[in-house]
Each structure stands twice: as structure tokens, then as C-alpha cells.
Amino acid sequence: MLDYVSDKVQDEERQGEAFAPFVADPNQYRKRFYIESYGCQMNFADSEIVASILNQEGFGATPHAEEADLVFINTCSIREKAEQTVRKRLTEFKELKQQKKGMLIGVLGCMAERLKSKFLEEEKLVDIVVGPDAYRSLPGLVEEAEGGQKAVNVLLSRDETYADISPVRLNSNGVSAFVSIMRGCNNMCSFCVVPFTRGRERSRDAGSIVEECKDLFEKGYKEVTLLGQNVDSYYYTPQPPKGGFSATPITFAALLELVAKISPGLRVRFSTSHPKDITDEVLYTMAKYENICNHIHLPVQSGSNRVLQLMNRTYTREWYMAKVDRIRQIIPDCGISSDIIAGFCTEEEQDHRDTLRIMEYSRYDFSYMFFYSERPGTLAQKRYSDDIPAEVKKRRLLEIVEIQNRLSLESNKKDIGKTFNVLVEGDSKKNVAEWKGRNSQNKVIVFPKKDFKLKKGDYIQVGVNDCTQATLLGKIL
Ligand code: 5AD
Ligand code: SF4
């Protein structure tokens with residue numbers, strides 16, 4: 001399979017995860033829904049908003065599709081493979097629908113937005129199609145679909161942020177939660193479908209973000225990840241008080257500070273940063289607060305200036321390398337990760353080697369690595385030809401993966417002998433006699449439980465004594 005590498009590295013654990021929130025009494029609900037999510041963290045966060053909207057309508061979630069009256073699939077369009085996975089899943093739901101009369105199937109998210117009502121024509125089994133900005137209309141659409149109509153709402157909005165909706169935490173470990181701080185993207189990277197499926201960028205009311213994070217902390221959560229396609233361009237102007245002067249706008253750095261101040265016991269993470277937008281102010285804020293984690297996801301996409309220009313990334317490799325230097329200067333122990341695309345239109349061996357070189361320069365702790373997948377409607381699809389043969393894309397991607405594997409191992413080896421403050425997330429997957437947690441740099445650390453009375457959500461000092469390429473191994477000090 002040509003693209004196995006890309007799917008392996010992109011959050012494989014969570015793809016297709018069915019949500020199973022705690023349901024006290026399933027019979028108290030008038031209908032039951034099942035929701036399965038694909039793609040980025042933002043999509044998973046959106047499913048929590050959808051669950052909240054449906055809960056308010058008296059619908060309860062079930063972790064079993066066969067028990068549900070409504071089956072939703074929250075979809076991703078970022079690469080063709082993601083869409084294929086969804087289509088395959090939809091054919092599986094078709095059988096279920098044939099067995100269960102009256103069951104409705106809804107497609108949510110980016111694929112719904114991209115294909116719109118075509119979905120209803122192409123995939124005869126789909127009853128409801130809802131884009132990322134139209135979730136408030138879901139209850140009405142369900143009613144329409146129940147009445148036998150085909151229900152579609154794919155309107156994009158300039159101001160919808162779902163600020164007032166308190167997400168129902170789904171499949172959560174009770175320790176870390178995602179908090180959406182903005183929606184959409186104005187960047188127009190030429191390969192990317194997101195600006196078309198998620199619309200214009202808009203920032204959520206800072207007050208509602210802080211309230212949501214406070215509430216999470218009060219409920220026992222110890223870590224929030226602030227989410228946006230491009231968090232560094234967060235910018236919110238609060239409403240001035242009646243008769244008052246205009247209020248000071250809140251930048252991303254200011255928002256980080258507000259969230260960090262909630263409590264030193266609440267860790268703050270964020271994703272994704274755009275190299276052109278991340279500011280010194282953000283870096284200094286990170287350095288100032290112990291509880292803002294020292295990790296930056298800084299997608300490079302390519303290391304070649306020529307390709308970066310075709311990609312419309314609006315920075316050069318020199319600018320990117322200077323950013324990496326600046327991060328290491330202000331936050332010396334900062335973890336840095338990246339997204340990399342192999343085989344973009346016209347990419348030559350020289351361009352590819354530039355990518356390998358920038359990886360070495362940046363010493364990424366980990367990366368999400370993909371080969372280019374042409375997406376309908378994007379600038380690249382309109383302007384350039386997808387001219388790199390599949391075999392060449394695959395070989396280049398494998399070379400990128402090989403380098404990353406070595407860099408990850410080297411980075412982990414450097415941590416042997418160091419001590420980290422680790423937030424305990426739960427049992428290690430392989431061994432229940434071990435805990436799994438993360439350090440500030442976002443590295444996973446596994447360590448024996450021994451006789452210490454620890455629980456999920458505790459912080460503990462762990463000394464690293466060994467590692468694999470993916471994990472640090474340690475013991476409680
Ligand atoms: N082909 C391959 N990878 C892509 N990404 C976005 N669009 C494409 C595409 N058309 C990658 C980028 C982005 C990540 C979320 O997905 O690396 O940062
Ligand atoms: Fe896509 Fe670029 Fe926006 Fe990221 S910053 S969502 S890659 S357009």
C-alpha cells in the first residue's frame with residue numbers, strides 16, 4: 001500500500017474512534033446517536049460540540065452503532081486516503097441500516113462540506129449532510145430527515161465559533177482535553193483543502209475559552225490543548241463595556257497567559273503554529289510560565305525555497321531555520337515537531353534533499369509525514385500538475401521517515417539521565433504494571449508503578465534510564 005506510511009504516523013490510535021460518553025440511564029433519552037470521528041484534533045473537538053447539541057435535544061450517545069437511531073461520521077478531506085476510509089465505513093453502515101429500519105445516517109465535517117449534496121446523490125444511504133459551521137442546525141435537520149426529506153446544511157459562517165456551547169467530553173481520559181480557540185484558516189497553502197472546507201478564520205471569545213478551561217480544571221482535568229489551524233493568528237477584540245472605551249485586543253500570547261494563570265497545576269499546550277506567525281511574545285510567554293508546555297508543532301512542509309513558494313507557505317527555509325534558532329534560544333529545551341509533504345508538484349531531487357537537510361537542522365522530536373495527495377479545488381490542483389510518479393513519492397517519503405526515526409531516537413537518547421515532571425495519563429498500553437505519561441516536551445514516558453500511590457492526573461518526577469525511538473522509559477525518583 002503506497003500510503004501506509006502517512007496513515008501510520010497521523011494519529012493512528014484515534015482514527016475512527018467511537019465515542020462512549022458515560023450514559024447514566026440510556027432510557028432517559030428519546031433517541032440514541034453514535035458518532036465516529038476521523039482526521040485532525042479539531043474534528044474530534046467538533047464531535048464533542050455535536051454531542052453537546054444533540055444532548056440538549058434529548059439525544060443520548062451510545063458506543064455501539066447497532067444500537068443507534070442516528071449514526072454520524074465526522075469526516076476528513078485532507079488527503080484522498082482519508083476520504084476513501086470514510087467511504088468504506090459508509091458501505092459498512094449501509095448493511096446496518098438495512099437491518100435497522102428508521103436508522104438515519106449523517107455525514108459531518110470536511111467531506112460533507114466539500115461534496116455537499118453530491119453526497120446524497122452518490123451515496124444513496126446518506127440522509128443528512130452537515131458542514132463544520134452548521135452543527136447548530138442538526139436537530140432541525142434530523143427532524144427533516146425523519147420526515148423523509150434529504151437534509152443538507154453546508155453553509156460556512158464568518159462568525160460561528162460555538163463559543164457558548166460547552167462540549168460533552170467524549171472518550172476522554174479525564175486528564176487532558178482539547179479546547180477550540182478559533183476556526184477556519186485564511187492561509188491558502190496551495191495543497192490544502194481546509195480553507196475551502198472550514199472557511200474563513202475567526203477567533204473565539206477569549207472569555208469563553210478561559211471559562212471552559214477553568215471549568216475543566218475544576219472537574220479534575222490537568223491539561224488543555226488550545227486548538228486552531230493557525231493559533232498564532234488568534235486575535236479577539238472584547239466588546240467594550242456599555243459607554244466604556246474600546247477594550248484591548250487579545251493576541252495569542254495574551255490568551256496563553258490568561259489560560260496559564262488559571263492554575264500552575266493546569267498544563268497548557270497548543271497546536272498548530274505557523275512559522276510565519278509565531279512571535280517572540282509567544283516564546284517569551286512560554287518561557288515565563290512553567291505550566292505552558294515546552295513543545296511547538298511547527299510544520300515545515302518542505303525545505304526547498306522553490307517548493308515553499310509553490311506551496312504558498314510565505315516563508316523561506318532561512319526564515320524557518322531562524323525561527324528554530326529563536327525557539328532554542330528563548331526555550332532551550334523546547335520540543336519541536338513538524339509536518340512534511342513528500343513529492344509536491346514539480347519537486348526535484350535537489351528540493352527533496354533540501355527537505356532532508358532542514359529536518360537534520362531542526363532536529364525534530366517527531367513528525368507527521370505524508371506524500372502529496374492532490375485535492376480538488378485547491379490552488380495546487382488548479383495551477384500545477386501532480387507530476388511526481390507515485391513510486392518516487394513513496395521512495396522520498398520513506399527517506400524522510402528514515403531520517404525522522406533516527407532523529408527521534410537521537411533526541412530520546414539525549415534524555416537518558418534527565419529527570420522530568422510527568423503528568424500521569426493512565427496505564428501503559430502494553431503493561432498494566434506501568435504508568436504512561438508525558439513530559440513538557442510532549443514525549444511519552446512509561447515507568448513501573450511499584451508501590452507508589454499514584455493516580456491518573458498526578459504529577460510525578462521520573463528519571464529516564466532508557467528509551468526506544470517512540471518512548472522514554474524511566475523510574476519514579
Ligand atoms: N497532501 C498531503 N498532505 C497534506 N497536508 C495537507 N494537505 C495535504 C495534501 N493535499 C498535510 C500538511 C498539513 C497536515 C495537517 O496535513 O502537512 O500540515
Ligand atoms: Fe491548510 Fe495551510 Fe491553513 Fe494549515 S495553515 S490549514 S496547511 S491552509
Side-chain angles (χ1 to χ4, degrees), residues 2-12 14-15 38-44 76-84 109-111 113-114 132 156 180 182-202 227-234 252 270-278 296-303 307-315 320 336-345 347 355 358-359 364 366-388 390 393-394 396-397 400-401 404:
L2 192 59
D3 42 4
Y4 86 97
V5 183
S6 58
D7 278 357
K8 223 176 154 56
V9 283
Q10 174 77 64
D11 243 358
E12 191 185 53
R14 296 200 76 190
Q15 298 304 302
Y38 292 85
C40 62
Q41 291 164 338
M42 192 68 112
N43 245 14
F44 284 76
C76 171
S77 284
I78 199 108
R79 284 167 291 275
E80 198 184 343
K81 179 75 199 310
E83 292 202 352
Q84 282 166 1
C110 288
M111 234 175 129
E113 191 62 51
R114 196 176 82 68
L156 287 173
S180 165
M182 58 203 296
R183 301 182 70 81
C185 184
N186 286 356
N187 277 326
M188 287 294 179
C189 299
S190 65
F191 51 79
C192 188
V193 77
V194 168
F196 304 96
T197 59
R198 288 189 162 269
R200 305 290 293 168
E201 181 184 290
R202 63 225 99 120
L227 286 184
Q229 307 294 346
N230 182 12
V231 289
D232 304 287
S233 62
Y234 178 88
F252 181 58
F270 56 89
S271 186
T272 295
S273 301
H274 195 299
K276 78 172 161 61
D277 292 323
I278 188 164
I296 299 177
H297 186 57
L298 196 73
V300 70
Q301 313 296 1
S302 167
V307 173
L308 284 171
Q309 195 168 15
L310 293 182
M311 286 178 162
N312 199 24
R313 288 290 287 179
T314 69
Y315 54 83
Y320 186 94
I336 303 182
S337 56
S338 192
D339 292 347
I340 303 168
I341 299 178
F344 186 66
C345 313
E347 186 187 76
T355 299
I358 210 164
M359 290 177 72
Y364 298 126
F366 64 92
S367 293
Y368 297 112
M369 300 157 281
F370 317 98
F371 62 74
Y372 174 58
S373 162
E374 186 179 79
R375 307 311 295 130
T378 54
L379 295 181
Q381 184 258 328
K382 288 183 192 156
R383 288 184 190 162
Y384 317 122
S385 121
D386 180 12
D387 57 353
I388 307 302
K393 284 184 182 172
K394 183 183 177 188
R396 288 182 189 163
L397 180 59
I400 287 170
V401 169
Q404 185 53 57

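Whatever order the structure lists them in is the order used to number ligands and atoms, beginning at 1.
If you number the atoms of ligand 2 from 1 as listed, the ones under 4.0 Å from a heavy atom of Pro195 come out as 8 (S). Under a 4.0 Å criterion applied to the non-hydrogen atoms of Arg375, ligand 1 contributes the atoms 10 (N). Annotation for ligand 2: atoms under 4.0 Å from non-hydrogen atoms of Val194 are 6 (S). Residue Phe371 has at least one heavy-atom neighbour below 4.0 Å for each of these atoms of ligand 1: 1 (N), 2 (C). Taking a cut-off of under 4.0 Å to the non-hydrogen atoms of Arg313, the atoms of ligand 2 that pass are 2 (Fe).
Proximity of Tyr368 to ligand 1, defined as any heavy-atom pair under 4.0 Å, is not found for any part of the residue. Under 4.0 angstrom from ligand 1, the non-hydrogen atoms of Phe191 come from both its backbone and its side chain. Of all the heavy atoms of Ile78, the ones lying under 4.0 Å from any atom of ligand 1 are found in both the backbone and the side chain. Contacts between Gln301 and ligand 1 below 4.0 angstrom, taking non-hydrogen atoms only, involve the side chain exclusively.
Atom 4 (Fe) of ligand 2 has as its closest protein heavy atom Gln229 O, 4.4 Å. Among protein heavy atoms, the minimum distance from atom 3 (Fe) of ligand 2 is reached at Cys185 SG, 2.3 Å. Atom 2 (Fe) of ligand 2 has Cys189 SG, 2.3 Å as its closest protein atom, hydrogens excluded (heavy atom only). For atom 1 (Fe) of ligand 2, the nearest non-hydrogen atom of the protein is Cys192 SG, 2.3 Å. Nearest non-hydrogen protein atom to atom 5 (S) of ligand 2 is Asn187 ND2, 3.4 Å.
Contact check for Tyr315 versus Leu308: side-chain heavy atoms found under the 4.5 Å cut-off. Annotation: side chain of Ser233 is in contact with side chain of Met182 (closest heavy-atom distance under 4.5 Å). Two residues are said to be in side-chain contact when any heavy atoms from C-beta on lie closer than 4.5 Å; His297 and Ser273 fail this criterion. Using a 4.5 Å heavy-atom threshold, the side chains of Ser373 and Lys81 count as separate. Counting heavy atoms from C-beta on, the side chains of Thr272 and Gln229 never come closer than 4.5 Å. When side chains are defined from C-beta on, Tyr368 does not count as touching Pro299, because their heavy atoms never get closer than 4.5 Å.
Between Lys276 and the options Asp232, Thr314, Asn187, a side chain to side chain donor-acceptor pair (under 3.5 Å) holds for only Asn187.
Annotation for Pro132 and Gly109: closest pair CD-O, 3.7 Å, computed over non-hydrogen atoms. The heavy-atom pair separating Ile78 from Cys192 by the smallest distance is CD1-SG, 4.3 Å. Shown here for Leu298 and His274, the closest heavy-atom pair between the two residues is CD1-C, 4.4 Å.
Side-chain contact check for Ser302 and Glu347: no donor-acceptor pair (N or O, by modelled atom type) lies under 3.5 Å.
On a distance-only criterion, Tyr372 and ligand 1 share no N/O pair closer than 3.5 Å. Geometrically, ligand 1 and Asp339 share a nitrogen or oxygen pair separated by less than 3.5 Å. Here's the thing with Arg79: one of its N/O atoms is less than 3.5 angstrom from an N/O atom of ligand 1.
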